[in-house]
Amino acid sequence: MVQKNKILSFTLAILLGVMTLSACANQDSSNNSNNSNTKSPTASESNSEAPNESSTPPLDKVTLKFVLLGEAPKDNEAVMAEVNKKLEADINATIELTYIPFADISTKYPLVLTSPHDWDVIFGNVNYVSNAVKGGYREILLTDVEKYMPLTHKATSESMWSDVAVNGKVYMIPQTFKELDVGTAFYREDLRKKYDVPEIKTYQDFGPYFQAIKDNEPDMRPVEGTPDDVKALFGGMLQGWGGFKVQNLVHFNAENKEYKTTGLLDPEFVAIYTEAAKTMKDWMDKGYLPKNAFAQKTTAAELAKVGVSGYWANAFENYAQYSNDMIAKGWELGAVNSLPPGGTAMIRPANGNGFSFSPKTDNYERALMAIDLLHQEPSYNLLLAFGIEGKHYNMVDGKLAIISADPNPYPMYGAGWWSNNRDQWPPLESYTQQYIDTKKALLEVAKPYLLNGFNVDESNIKTEMANISNVYKQYAIPIELGVVKDVDVAVAELIEKYQKAGAQKVVDEVHKQIAEFIKSKQIN
């Protein structure tokens, strides 16, 4: 009987323990179900970390209201249906889109910000700093990024967060792809080869090529275009001193670790500027440059397409399209990139594309989770960038082939999702191997620079800036176009006029602002 009672007591103890544990579990489940901010694993986290799904309560269904710029392409609804199907399965959310037409941005964007309850996420690169300071966007904590955006946290460098810092705080999820900030001079490589011109490696190497066109192509000019086209040729010879801020008074060498600023009050830069000006004058005297550039309204790029100009310049990102244009004519494209002496390619600020959040959103955490997938998960990324595989594009031998349609019902860059990770995109079938190899080489040496996004506040130097602008138009432009009689005399006169216009005050003020800008990029 004693043994029987012991067995009964032991059994009762076990039952009571099980009942107690069950009650605790039910209580925890009830508490968690009322917490709408509880994080649910994304698709990428489920695959990489494999959390115990039974321990994570399901998220309530939410609709995220996104505001994009531009207009919805024809097949946008079909693409977003696929996106929402995936988002609903991954984080139980869908997206509702509103577009602000480009022509209405100046009026409608501010109105959206004054209605913070009506949206959750907005494309942030419209007066970003000003809107952030005024409270138009919600502050984003990097601890939240680490918690809710594991892919973004891994993909975003310290310099990218610095690019979107405003007074030490972050108000935008920035682009994480490297967008090259490289100026490029383009020319007819087929003509260079035809006339046995030496290889063109720098802007200064164009002389023999220009002479060959002048001697052998009666229907062409070595350079034809607007004043800006000609000045771009001059600018390409400044040996990597970029970041033009104040009419050649303030430049900075983005490759220099100390981010040295310089300009026409610095003898070192005066020598570089003068050498470039003498080359331009030499080319003008030899008949390579247009004498009536101010009368030309058509750009060199457009004139090159019809075989009128042998040279034009633009951003490197236009390389692929220009190459296709040349191939269609039976020609071959050549290019020279404007890089500093060390050969470092610069990348644009990460705040060029990105999303910000309403200060009144109730869906902050879920929006973070959504953007993490939209930007960084490859299947979402390709879907938003190129549309539906089999309908809008096909993959052919590792390249992405756009399915022929005129016009394309879902064009690349046409739906407003500009901050998706382009480094994940496969090359397009239309890209030449030359372009693919050149871009790859540039990306391998590309880096950001501390003064990315710096702009001069003219509040304290309005009068001086106005005077300097007038001096630039009267004395500097003729130098850069190659039309002055004596370069040394002209440059000395330009510097003298700048000094009288208040150049030193401007330079001092800009240096002060640069120091403040660098300090503001340090995240608290």
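Model, not experiment: these values are computed from the prediction.
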Do Thr226 and Asp229 have a side chain donor and acceptor closer than 3.5 Å?
yes
Spell out, as yes or no, whether a donor-acceptor pair under 3.5 Å connects the side chain of His153 to the backbone of Met149.
no
Check Lys440 with Asp437, please: is the shortest side-chain N to carboxylate O separation under 4.0 Å?
no
Please confirm whether the backbone N or O of Asn167 pairs with a side-chain atom of Ser520, one donor and one acceptor, at under 3.5 Å?
no
Using a strict 4.0 Å threshold on nitrogen-to-oxygen distance, state whether Glu516 and Lys519 make a salt bridge.
no
Are His375 and Ser419 linked by a side-chain donor-acceptor pair shorter than 3.5 Å?
yes
Quick one about Asn314 and Tyr322 (side-chain donor to acceptor, distance below 3.5 Å, no hydrogens or angles considered), yes or no?
yes
Derivation and outcome, side-chain contact (heavy atoms from CB on, under 4.5 Å), residues Phe234 and Tyr203:
CA-CA 9 Å; Phe234 171 84; Tyr203 280 67; over 6 Å; no
Counting only heavy atoms not in Glu71, do more than 12 fall under 6.0 Å of its CD?
no
Would you say that Tyr431 contacts Lys439 through its side chain, given a criterion of any heavy-atom pair below 4.5 Å between the two side chains?
no
Consider ring pair (Phe, Tyr, Trp, His ring centres under 6.0 Å). Of Trp417, Trp425, Tyr413, which one does Phe386 pass it with?
Trp425
Answer with yes or no whether the side chains of Gln376 and Thr176 bring together a donor and an acceptor at under 3.5 Å.
yes
Kindly determine whether Tyr364 and Tyr148 satisfy ring-ring contact (aromatic ring centres under 6.0 Å, His included), including the steps that lead there.
CA-CA 10 Å; Tyr364 168 66; Tyr148 296 107; 7.3 Å; no
Rounded distance [0.5 Å steps], CG in Asn131 versus OH in Tyr128
10.0 Å
Side-chain ion pair, Glu429 and Lys399, N-O less than 4.0 Å:
no
Glu444 bridged to Lys178 by N-O distance under 4.0 Å:
no
Is the backbone of Ala81 close enough, under 3.5 Å, to the side chain of Asn84 for a donor and an acceptor to pair up by distance?
no
Return yes when atom NZ of Lys108 has more than 12 non-hydrogen atoms of other residues, nucleotides or ligands closer than 6.0 Å, and no otherwise.
no
Do Tyr137 and Phe357 have ring centroids that are under 6.0 Å from one another?
no
Would you say the side-chain atoms of Thr114 pair up with the backbone N or O of Leu111, donor to acceptor, closer than 3.5 Å?
yes
Residues that Asn337 engages under side-chain contact (heavy atoms from CB on, under 4.5 Å), provided they are two or more places apart:
Val182, Thr184, Phe316, Leu339, Thr438, Leu442
The test is side-chain contact (heavy atoms from CB on, under 4.5 Å); show your working for Ile173 and Leu368 and say whether it passes.
CA-CA 9 Å; Ile173 302 298; Leu368 290 173; 4.2 Å; yes
For Asn353, is there any backbone N or O sitting under 3.5 Å from a side-chain donor or acceptor partner on Asn125?
no
Will you find, in the side chains of Asp325 and Gln321, an N or O donor that is under 3.5 Å from an N or O acceptor?
yes
With no hydrogens and no angle check, just 3.5 Å: does a side-chain donor-acceptor pair link Tyr99 and Asn76?
yes
Under 3.5 Å side-chain donor-acceptor pair for Ser379 and Glu377
yes
Salt-bridge contact Glu332-Lys193 (side-chain N to carboxylate O under 4.0 Å):
yes
Do Ile403 and Asn394 make a side-chain contact, defined as non-hydrogen atoms from C-beta onward lying under 4.5 Å apart?
yes
Backbone N/O of Asp120 and side chain of Lys65: donor-acceptor pair under 3.5 Å
no
Could you walk me through whether Ile140 and Tyr171 pass the side-chain contact (heavy atoms from CB on, under 4.5 Å) test, one step at a time?
CA-CA 5 Å; Ile140 300 167; Tyr171 299 90; 5.6 Å; no
Enclosure of Lys231 NZ (heavy-atom neighbours >12, cutoff 6.0 Å):
yes
May I ask you to check if Lys86 and Tyr380 form a cation-pi contact, with NZ or CZ under 6.0 angstrom from the six-membered ring centre and within 45° of the axis?
yes
Any donor-acceptor N/O pair, Lys521 side chain to Asp163 backbone, under 3.5 Å
yes
Start with the C-alpha distance between Met326 and Arg188, add both sets of side-chain angles, then the distance that settles side-chain contact (heavy atoms from CB on, under 4.5 Å), and finish with yes or no.
CA-CA 8 Å; Met326 295 294 107; Arg188 291 275 300 276; 3.8 Å; yes
Between Lys61 and Glu88 (salt bridge meaning N to carboxylate O under 4.0 Å), is one present in this structure?
yes
Do Ile122 and Leu113 come close enough that some side-chain heavy atom pair is under 4.5 Å?
yes
Strictly by modelled atom types, are Tyr187 and Glu189 linked by a side-chain donor-acceptor pair under 3.5 Å?
yes
More than 12 heavy atoms from other groups under 6.0 Å of CD on Glu77
no
